[in-house]
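Note on naming: letters A, B, ... go to the chains in the order of the sequence lines (proteins, then strands), and numbering restarts at 1 for each one.
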Amino acid sequence: MAKEITSRAQDYSQWYNDLILKAGLADYSAVRGCMVIKPYGYALWENMRDALDKMFKDTGHVNAYFPLFVPKSLFEAEEKNAEGFAKECAVVTHYRLKADPDNKGKLIVDPEARLEEELVVRPTSEAIIWNTYKGWIQSYRDLPILVNQWANVVRWEMRTRLFLRTAEFLWQEGHTAHASKEEAIAETEQMLDVYADFAENWMALPVVKGVKTPNERFAGAEDTYCIEALMQDGKALQAGTSHFLGQNFAKAFDVKFSDKNNKLDYVWATSWGVSTRLIGALVMAHSDDDGLVLPPKIAPLQVVIVPIYKGEEQKAAIDAKVNELMKQLKAAGVSVKYDDNDAARPGWKFAEYEMKGVPVRIAMGARDLENNVAEVARRDTKEKMSLSIDGLADNVVKLLDEIQQNIYNRANAFRQENTREANTWDEFLKLLDEKAGFVSAHWDGTPETEEKIKELTKATIRCIPLNNKQEEGKCVLTGNTSKQRVLFARAY
RNA sequence: CGGGAGGUAGUUCAGUCCGGUAGAAUACCUGGUUUGGGACCAGGGGGUCGCAGGUUCGAAUCCUGUCCUCCCGACCA
């Protein structure tokens with residue numbers, strides 16, 4: 001199987017598509033805009049999901065599951081939210097098919113089976129969840145409600161890309177209800193921190209925490225917080241969002257509670273989510289022209305061992321050593337595979353596991369055994385080392401940590417190099433055209449200016465970084481006064 | 001949703017203009033030799049040419065419709 005992918009320099013988009021397909025993460029499907037997540041890609045998602053799920057539970061959240069369908073009347077209750085999503089909703093109008101009288105063996109939608117009320121396939125679940133919460137909440141003693149759900153959602157996208165934007169995708173959505181504004185804001189911020197922690201420490205993906213401008217805000221939210229990451233082509237990608245919803249949904253669904261003084265008030269809300277889009281971010285942040293580069297902490301397979309031998313006798317000797325090593329690695333919690341498939345030669349396997357981004361490869365041959373060593377290759381730097389078999393498992397565990405750190409450091413250095421300040425409009429244009437990346441610049445704070453800049457440059461305000469340095473300046477477009485810089489970029 | 005390109009063996013593609021028994025490489029299967037960066041020899045299997053109609057004695061090829069993918073644009077809480 002000769003697998004080659006387009007180089008990043010030649011065509012970054014094509015490189016991404018090739019990589020997803022050839023590394024076996026996903027496939028296209030017979031449904032427009034929908035992908036099949038293949039076992040290797042799903043294993044990656046499972047690892048990400050498990051790590052996040054534990055973080056949610058450690059912060060007091062529980063999982064639940066709400067329906068896929070949302071009655072239209074519920075969906076439209078929170079007007080801004082409904083309006084925001086209206087253009088990309090799939091809608092169920094009928095509940096039955098029947099045999100086509102004019103076309104044997106075919107089916108048609110039964111016109112008799114029109115639903116009295118259409119069902120919206122959830123693009124997000126605020127509506128159905130807040131309709132439910134109404135029945136769960138009466139007093140402050142019922143609060144907070146800290147619920148998360150792992151689910152699929154559908155957004156009818158016109159232009160799709162594997163993992164980055166598909167019509168159906170997997171995600172988690174947290175929906176919490178609180179007795180006070182302060183508590184809800186604290187929750188919103190806490191979950192943003194959880195996301196940033198996950199991105200940096202598990203995905204080795206450095207992110208900027210920030211707040212969205214009103215233009216970019218989630219429809220129905222008071223404030224949208226986000227983590228923004230930078231991809232290797234210099235485009236930004238929103239990797240997660242956490243919304244402070246104020247009392248908007250409580251008002252729309254009439255969810256009130258009695259406080260300690262028996263005074264009625266609307267409940268305060270948050271919602272937050274990350275999706276399979278993170279896999280796209282992971283691929284574009286770390287991988288290279290030879291294939292995926294995966295952080296060891298979420299790689300489906302951390303170590304692969306390839307034997308190199310002539311004849312059964314050598315194979316048996318290698319098997320014995322490898323079995324011992326495998327035992328030690330597994331005991332240390334390392335996922336490891338021994339690929340002694342005789343149908344493929346070592347060189348083929350090397351290329352294949354590089355394509356799949358397995359962080360560490362160990363090759364063991366007769367020559368190594370004589371010297372009591374093994375060849376250890378790391379995927380991130382492609383460096384090869386000859387290490388003693390004694391204590392090899394321990395050294396591999398250390399190496400995995402080092403790789404995790406190195407991938408992060410590399411991505412972090414890239415982001416720093418590609419975050420630049422622009423002080424004039426000419427500088428701003430020049431940076432966007434020549435270097436891409438984040439451009440930190442003053443903005444006068446008006447939606448009109450933001451819109452104008454987007455029109456002229458296709459760059460949007462990714463976020464106003466949290467704990468942003470306050471400094472006097474002049475808006476890069478209008479020259480009006482500004483108190484702080486914001487991060488601009490072209491984005492996915 | 002508009003413009004462009006494409007869909008033929010598991011994969012990458014040729015064949016389509018000019019209609020006449022469906023091809024190559026690679027992968028796969030069997031046997032053998034091999035094994036330190038995508039092995040070699042010999043033999044073998046595999047495609048209703050995206051799908052549905054139509055024209056024709058005859059359609060991968062011409063016509064109509066439709067589905068899926070890629071690129072550009074619009075859109076994208």
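Searching all strands for a Watson-Crick or G-U wobble partner of rG73(B) with both distances below 3.5 Å returns rC1(B). Remark: rG65(B) base-pairs with rC51(B); criterion is Watson-Crick or G-U wobble with both hydrogen-bond distances under 3.5 Å.
The base of rG37(B) sits within donor-acceptor range of the side chain of E354(A), with an N or O pair under 3.5 Å. Side chain K458(A) to base rG73(B): no donor-acceptor pair is found below 3.5 Å. At a cut-off of 3.5 angstrom, the base of rG2(B) holds no donor-acceptor pair with the side chain of R159(A).
Of the C1' atoms belonging to rU64(B) and rG23(B), the separation is 29 Å, rounded to the nearest Å. Rounded to a whole angstrom, the distance from the C1' atom of rU26(B) to that of rC40(B) is 15 Å. The C1' atoms of rC75(B) and rG3(B) are separated by 15 Å, rounded to the nearest whole Å.
For R155(A), the side-chain atoms get nearest to rA77(B) when compared with the rest of rA77(B), rU35(B), rG36(B). The side chain of M158(A) sits closest to rC75(B) out of rG37(B), rU35(B), rC75(B). The N17(A) side chain lies nearest to rC71(B) when the options are rG37(B), rA74(B), rC71(B). Nearest to the side-chain atoms of K310(A) among the listed nucleotides rU35(B), rA74(B), rU69(B) stands rU35(B). Nearest nucleotide to the side chain of F85(A), out of rA74(B), rG38(B), rA77(B): rA77(B). Closest to the side chain of P346(A), from the set rU35(B), rG73(B), rG38(B), is rU35(B). Ranking rC68(B), rC70(B), rG36(B) by closeness to the R32(A) side chain, first place goes to rC68(B). For I308(A), taking side-chain heavy atoms from C-beta onward, the closest of the listed nucleotides rG36(B), rC76(B), rC71(B) is rG36(B).
Distance, K212(A) NZ to rA77(B) C1': 11 Å, rounded to whole Å.
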Show the numbers, then the answer: is there a salt bridge (charged side-chain N to carboxylate O under 4.0 Å, His left out) between D233(A) and K235(A)? CA-CA 6 Å; D233(A) 62 346; K235(A) 285 169 86 171; 5.1 Å; no
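A cation-pi arrangement is not found for K134(A) relative to F253(A), the charged atom failing to lie both closer than 6.0 Å to the ring centre and inside a 45° cone about the ring normal.
OP1 or OP2 of rC40(B) has not a single side-chain nitrogen or oxygen of R345(A) nearer than 4.0 Å. Side-chain N/O atoms of Y28(A) include one lying less than 4.0 angstrom from OP1 or OP2 on rC70(B).
Although no hydrogens or angles enter the test, the distance criterion places a donor-acceptor pair under 3.5 Å between the side chain of R217(A) and the main chain of E222(A). Not a single donor-acceptor pair under 3.5 Å links the side chain of T270(A) to the backbone N or O of F244(A).
Using a cut-off of 4.0 Å between Lys/Arg side-chain N and Asp/Glu carboxylate O, R490(A) and D433(A) are scored as salt-bridged.
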